[in-house]
2 protein chains.
Amino acid sequence: MKIKEIISEDQKRLARYAKALGHPVRVYVMQLLSNQACCYSGDLSEELPIAKSTLSQHLKELKDAGLIQGEIEAPKIKYCINKENWAEAQRLFTTMASPKKPGSLMNCQNKTV
Amino acid sequence: MKIKEIISEDQKRLARYAKALGHPVRVYVMQLLSNQACCYSGDLSEELPIAKSTLSQHLKELKDAGLIQGEIEAPKIKYCINKENWAEAQRLFTTMASPKKPGSLMNCQNKTV
DNA sequence: ATCTTTGTTCGTAATTTTACGAAATACGAA
DNA sequence: TTCGTATTTCGTAAAATTACGAACAAAGAT
């Protein structure tokens, strides 16, 4: 039995989304996009004191993970949440977070390590 | 203005949790713990065809991120969700996921890149 | 046609992650 | 104490991540 067969597709996708969110700058960007519509890369570049190339890399990460999408509004690019995938990420996370058998959860009462 | 002052503590914590979930094996473990109470590292080791040391490293990641905790039940260790932090992770994620001004969201209608 | 603005790609370097097997540790059982 | 079980730590190596500045590309403005 190989590891790839044991881990479900949903688990892989959730890990993919989580990984994309696994950096403060990318959380910041996602939060901005969640709360205040779309934004331009340049706006982010002004707010965040990081190199443009670094920001570009982070945006690419989010884009490759499917969490955001950019649309050309020459000469700028406007970035927005990819609502469909973002909803999927939420669904995957929330589904995992809510146990199917809540009554079966045991309490941990021994020494914590 | 430094990057550390711009990114909020909540954003950093969310990134930390997301990073910990950013690997399929760790998602698998968290999902297992969410759905079926606590479990022993050995059980995971049997199900997942990876080296025990590798699994141990993944568990350590989850533990360091605060998502799980282990209790000694000699000679084994029983792992459980850290409910408090897990709830915080959910809260941080859900709060981010739900925009404060949903009506202000613009539609993206230009060419997607 | 050239300039300017915007953003990506390239080259590079430091750090982190992932993975393994071997060795070490902890501890109950014999 | 010695043995066996369960798990972590160590040493190592390959790959990925993060970050920067310089160079490059696209496209509207002059």
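Reckoned from all heavy atoms, side chains included, excluding hydrogens, waters and symmetry mates. Everything quoted here is computed from the prediction, not taken from an experiment. Per chain, numbering begins at 1; letters A, B, ... match sequence-line order.
Of the candidates H23(A), E47(A), H58(A), Y28(A) forms a side chain to side chain donor-acceptor pair (under 3.5 Å) with just one, namely E47(A).
Phosphate proximity of dT8(C) to S56(A): present, with a side-chain N or O under 4.0 Å from OP1 or OP2. For the pair H58(B) and dT17(C), the criterion of a side-chain N or O lying under 4.0 Å from OP1 or OP2 is not met.
For the pair C80(A) and L33(A), the tightest heavy-atom approach, listed with the atom from each and the gap, is C-CD1, 4.1 Å.
The distance between atom NE2 of H23(A) and atom P of dA16(D), rounded to the nearest whole Å, is 18 Å. Look at CD on E46(B): it is 13 Å from P on dT5(D), rounded to the nearest Å. Regarding R16(A), its CZ atom lies at a distance of 13 Å from the C1' atom of dT17(D), rounded to whole Å. For I68(A) and dG7(C), the CD1 to P distance is 12 Å, given to the nearest whole Å. In this structure, CD1 of I72(B) is placed 13 Å from C1' of dG28(C), rounded to the nearest angstrom. The distance from atom CG of L44(B) to atom C1' of dA6(D) is 13 Å, rounded to the nearest whole Å. Note: NZ (K63(B)) to P (dT7(D)) measures 11 Å, nearest angstrom. For the pair E61(B) CD and dT17(D) P, the interatomic distance rounds to 14 Å; values are reported in whole Å.
Counting only heavy atoms from C-beta on, Y79(B) has its side chain closest to dT8(D) among dA19(D), dT8(D), dT18(C). Listed candidates were dT7(D), dT8(D), dT9(D). Nearest to the side chain of Y40(B) is dT7(D). Comparing dT8(D), dA22(D), dC20(C) against the side chain of S53(B) picks out dC20(C) as the nearest.
One distance of note links CD of Q11(B) with CG of L14(B); it measures 8.5 Å at 0.5 Å rounding.
Here the two rings, on F93(B) and W86(A), have centers that are under 6.0 Å apart.
Looking only at distances, no side-chain donor or acceptor of S56(B) sits under 3.5 Å from a matching main-chain atom of K52(B). No donor-acceptor distance shorter than 3.5 angstrom exists from the side chain of S45(A) to the backbone of S41(A), with no hydrogens or angles considered.
Taking 4.0 Å as the cut-off between side-chain N and carboxylate O, K12(B) and E9(B) count as a salt-bridged pair.
In this structure, I50(B) reaches the sugar-phosphate backbone alone: every heavy-atom distance under 4.0 Å involves primed, P, OP1 or OP2 atoms, never a base.
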Practice problem: At under 4.0 Å between heavy atoms, which parts of nucleotides 1-6 of chain C does protein reach? Answer with one letter per nucleotide, 5' to 3': B base, S sugar-phosphate only, - none. | Solution: -----S
